Amino acid sequence: MKDSPRIIVALDHPTGDEAFALVKALGDAPYAVKVGKELFTREGPSIVRTLVAHGRPVFLDLKFHDIPNTVAAACRAAADLGVWMINVHASGGPAMLRAARAALDTCAHKPLLIGVTVLTSLDASELSAIGIEDSPAQQVLRLTRLARECGLDGVVCSPQEIAGVKNECGAGFLTVTPGIRPAEASLDDQQRVATPASAVRAGGDFLVIGRPITRAVDPRAALTSILTEIEADACHG
Ligand code: C5P
């Protein structure tokens, strides 16, 4: 855990060639990569194997949500690819979450198991439309507690929710946070953002960063500058 990189670069590319070109351009700095539904659906497990063979920790962001037996089998298949982190929807319920945990516990290589709570694209009216009358914040905490009780290693949450999650589950329960923007970067379509240093100061463990790195004129310099900002802040903190 201690050696795990803090920054997870979101490889939101349509082809494996483009994703791998970025990884080569980023050089040797410590970072993990995130392979999501677009890249995985286009390239399949071969891009994951390529990245793992290249020595990069891979977060396979496929957000499994199905009956317990199917999710358990999918988790085992992901573990067999040698990935570092996987995720499942916490709203899949306790039986599904426990099945995912139990499946990974039988694997020789055990990726971190992270729960997705409430997608940041869902606001109160969207939740109400699917029958949930609690606020998004209440629902995030309910699903966080459930994820913890079912033995998951952490949750995906927005930077604003890190403190609440840590308060509820303790510092050792991991947070994975998108919505990270260096002070000078464009917000793109993200609304609730934090700078890399402030997310780490709030106790954030892993920061998912896409466009501020992948669309930078010099991606390697952008990554280095983020790592330097975090380090400098920790020294002054
Ligand atoms: O480019 P950007 O830094 O906004 O990329 C963030 C990454 O995190 C994307 O891959 C996006 O799909 C993902 N993500 C997110 N918000 C969530 C969950 C995942 O931005 N709530």
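Start at 1 and go down the list; that is how both ligands and their atoms are numbered. Just so we're clear, the structure is a prediction, and the values are computed from it rather than from any experiment.
Nearest to atom 4 (O) of ligand 1 by heavy-atom distance, out of E38, K34, R181, is R181. Among A185, G179, P178, the residue whose heavy atom sits closest to atom 15 (C) of ligand 1 is P178.
Atom CG of D189 is surrounded by more than 12 heavy atoms from other residues, nucleotides or ligands within 6.0 Å.
Between the side chain of N87 and the main chain of L62, a donor-acceptor pair closer than 3.5 Å is present. Not one N or O on the side chain of R6 forms a donor-acceptor pair closer than 3.5 Å with the backbone of P30. Remark: the backbone N or O of S46 is paired with a side-chain donor or acceptor of T50 at under 3.5 angstrom.
If you chain together hydrophobic residues whose side chains sit under 4.5 Å apart, L39 and V208 fall into the same group.
Using a 30° and 60° split on the angle between ring planes, W84 and F206 fall in the perpendicular class, above 60°.
At a 4.0 Å cut-off, at least one heavy atom of V208 sits close enough to ligand 1 to count as contact. Heavy atoms of I209 approach ligand 1 to within less than 4.0 angstrom. Look at P212 and you'll find a heavy atom under 4.0 Å from some atom of ligand 1.
Those atoms of ligand 1 with a heavy atom of G210 less than 4.0 angstrom away are 1 (O), 2 (P), 3 (O), 5 (O). Per-residue contacts place R211 under 4.0 angstrom from the following atoms of ligand 1 (heavy atoms of the residue considered): 1 (O), 2 (P), 3 (O), 4 (O).
When only interatomic distances are considered, the shortest N/O to N/O separation between K63 and ligand 1 does not fall below 3.5 Å. Checking only distances, D12 does come within under 3.5 Å of ligand 1, N or O to N or O.
For the pair I230 and I7, the minimum side-chain heavy-atom distance is below 4.5 Å.
Protein heavy atom closest to atom 20 (O) of ligand 1, with residue, atom name and distance, is Q190 NE2, 2.8 Å. Of all protein heavy atoms, the one lying nearest to atom 21 (N) of ligand 1 is T120 OG1, 2.7 Å.
Under the 4.0 Å criterion applied to side-chain N and carboxylate O atoms, R101 and D153 are assigned as salt-bridge partners.
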